[in-house]
Visitor: 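Encoded as structure tokens, here's the structure I'll be asking about.
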Amino acid sequence: MLSPVKIILIILVLIGVFFAHRFYRSTIAPSLDKARKNGNIKGRSGDKMLDLEECPDCGAFVADLDGHRCKDK
């Protein structure tokens, strides 16, 4: 059975979780969203794209066919 002390402790824990979540949403989450929106992940820019070409010999998709060597050969 729940005693008044247990009920008070449960309410205090719920209030603590609520304020911790609120702190996370107001300070930590916006900075993570900005990094995702900018595409800056480990120094890479998200707006740069690279077209890959398929190697006619092995079928691998590579960025530069001139520098590509098939592993089978």
Side-chain angles (χ1 to χ4, degrees):
M1 192 161 154
L2 293 174
S3 65
V5 174
K6 289 181 184 177
I7 294 173
I8 292 172
L9 287 176
I10 290 173
I11 291 172
L12 289 175
V13 168
L14 290 175
I15 291 171
V17 168
F18 172 76
F19 282 113
H21 177 69
R22 195 168 157 191
F23 173 76
Y24 172 79
R25 298 276 300 199
S26 66
T27 58
I28 298 172
S31 63
L32 294 176
D33 288 338
K34 285 180 187 176
R36 277 195 204 120
K37 286 181 183 176
N38 292 337
N40 296 332
I41 299 172
K42 296 184 182 177
R44 294 185 175 205
S45 177
D47 57 351
K48 295 181 183 177
M49 295 185 69
L50 181 66
D51 289 331
L52 299 178
E53 299 176 25
E54 186 176 6
C55 175
D57 297 330
C58 66
F61 287 91
V62 294
D64 184 23
L65 283 176
D66 297 331
H68 171 66
R69 291 182 172 233
C70 298
K71 290 185 180 182
D72 296 339
K73 295 180 179 181

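For the numbers below, each heavy atom of this structure counts, side chains included, while hydrogens, waters and symmetry mates do not.
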Visitor: Would you name the heavy atoms of C70 and D57 that are closest together and state the gap between them?
Guide: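 Between these two residues, the closest heavy atoms are SG-CB, 3.8 Å.
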Visitor: First locate atom CD of E54, then atom CG of L65, and finally report the distance between them rounded to the nearest 0.5 Å.
Guide: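 Interatomic distance, E54 CD to L65 CG, rounded to 0.5 Å: 9.5 Å.
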Visitor: With a cut-off of 3.5 Å and sequence neighbours excluded, list every side-chain donor-acceptor pair involving residues 9-26.
Guide:
| residue | atom | partner | partner atom | Å |
| --- | --- | --- | --- | --- |
| S26 | OG | R22 | O | 3.2 |
| S26 | OG | F23 | O | 3.1 |

